[in-house]
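The figures that follow rest on heavy atoms only: side chains count, while hydrogens, waters and symmetry mates do not. A, B, ... follow the sequence lines: proteins, then strands. Residue 1 opens every chain.
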Number of protein chains: 2
Amino acid sequence: MDVLAEAEDHPDAAELHRRAEPRAPGLSLPTVYRTLSALEDQGVIQRHQFEGAPACFQRAETAHHDHMIDIGTGEAVEFRSDRIEEPQARIAAKPGYDIVHHRMELYVRKTRG
Amino acid sequence: MDVLAEAEDHPDAAELHRRAEPRAPGLSLPTVYRTLSALEDQGVIQRHQFEGAPACFQRAETAHHDHMIDIGTGEAVEFRSDRIEEPQARIAAKPGYDIVHHRMELYVRKTRG
DNA sequence: ATCAGTGCAAACAGTTTGCACGTCC
DNA sequence: GGACGTGCAAACTGTTTGCACTGAT
């Protein structure tokens, strides 16, 4: 199942199935989903649910980052900004919460002109 | 359909159907969905897709804000932080993008102790 | 007569589950 | 022979669509 390990992008379950099938002939989609869920529970991979798209996955070992999704292509670009990360905990702490995790996505389109 | 106007929370389509049905007897769920989609297209309402929950809706007229979702209750609390908003445009502009919109959600749980 | 808006039932997409089967220890 | 992991088909949830009907214009 670690077709994911060699993926540079953010493939969804069906895409992973497509990529894995050649080297595991007869592999079924339910098995892909089961495996992905298991890996996610173990914290080995992350599931991202972007707007209007099936869930996509990537290894969790990469450093923390957020995503910028190109509305035209659906492509997800990663970025990181401490200036954004840093105030979050403070905001949550005030009303008595701990952040379990967060989601920060910029939906963008190529600048025209 | 502007049961939404008097809603203080973030109801989903089924919940809106439940609330609207008394004053529009026989109202069907497809009609609720159709109306919500139309209102969203006109920019009158916003659709939020939080993790592991059906889409929920609110009037667009409220000032821009982000959401903090209590994992225990599913309740969404609104917040706003200029310190978070401000760096976003800069991040997107660098690789030649315009932000169409963004999503910023903190998934939190009540602090124990 | 036409048109927009509706309910119903069925389609749909993505994901999950039940179950029967095979394999390995 | 018992536990496990699989494929298949079917269930499931949230949402959308086809279609026939209505009521206003």
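Atom CD in A/Glu15 sits about 16 Å away from atom C1' in C/dG14, given to the nearest Å. One atom, CD of A/Glu51, and another, C1' of D/dT15, lie 16 Å apart when rounded to the nearest Å. Atom CZ in A/Phe50 sits roughly 17 Å away from atom C1' in C/dG14 (whole-Å rounding). In this structure, OH of A/Tyr33 is placed 5 Å from C1' of C/dT15, rounded to the nearest angstrom. Distance CG (B/Asp12) to P (D/dT16): 13 Å, rounded to an integer number of Å. For the pair A/Gln49 CD and C/dA13 P, the computed distance is 16 Å after rounding to whole Å. Counting to the nearest Å, the C1' atom of D/dG14 and the NE2 atom of B/His17 are 15 Å from each other.
Taking 4.0 Å as the cut-off between side-chain N and carboxylate O, B/Arg19 and B/Asp12 do not count as a salt-bridged pair.
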#### Entry: Worked check of salt bridge (Lys or Arg N to Asp or Glu O under 4.0 Å) between B/Asp70 and B/Lys110
CA-CA 7 Å; B/Asp70 184 323; B/Lys110 285 226 150 55; 3.7 Å; yes
#### Entry: side-chain contact (heavy atoms from CB on, under 4.5 Å) between B/Gln58 and B/His65, worked out
CA-CA 12 Å; B/Gln58 66 177 19; B/His65 58 264; 2.8 Å; yes
### Task
Test side-chain contact (heavy atoms from CB on, under 4.5 Å) on A/His48 and A/Gln46 and set out the steps.
CA-CA 6 Å; A/His48 299 298; A/Gln46 288 180 322; 3.8 Å; yes
### Message
As a quick check of understanding, evaluate salt bridge (Lys or Arg N to Asp or Glu O under 4.0 Å) for B/Arg103 and B/Glu51, giving each step before the final call.
### Response
CA-CA 12 Å; B/Arg103 203 191 209 184; B/Glu51 291 181 7; over 6 Å; no
Using a cutoff of under 3.5 Å, can you pull out all pairs of nitrogen or oxygen atoms linking the protein to nucleotides 3-13 of chain D, with atom names and distances?
from  : atom 1 : to      : atom 2 : distance (Å)
D/dG7 : OP1    : A/Gly26 : O      : 2.6
D/dG7 : OP1    : A/Leu27 : N      : 3.3
D/dG7 : OP1    : A/Ser28 : N      : 3.3
D/dG7 : OP2    : A/Ser28 : N      : 3.0
D/dG7 : OP2    : A/Ser28 : OG     : 2.6
D/dG7 : OP2    : A/Thr31 : OG1    : 2.4
D/dG7 : N7     : A/Arg34 : NH2    : 3.0
D/dG7 : O6     : A/Arg34 : NH2    : 3.3

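At a threshold of 4.0 angstrom between heavy atoms, the contacts of A/Ala14 with the nucleic acid are absent.
For an aromatic pair to be called close, the ring centres must be under 6.0 Å apart, and B/His67 with B/Phe50 satisfies this.
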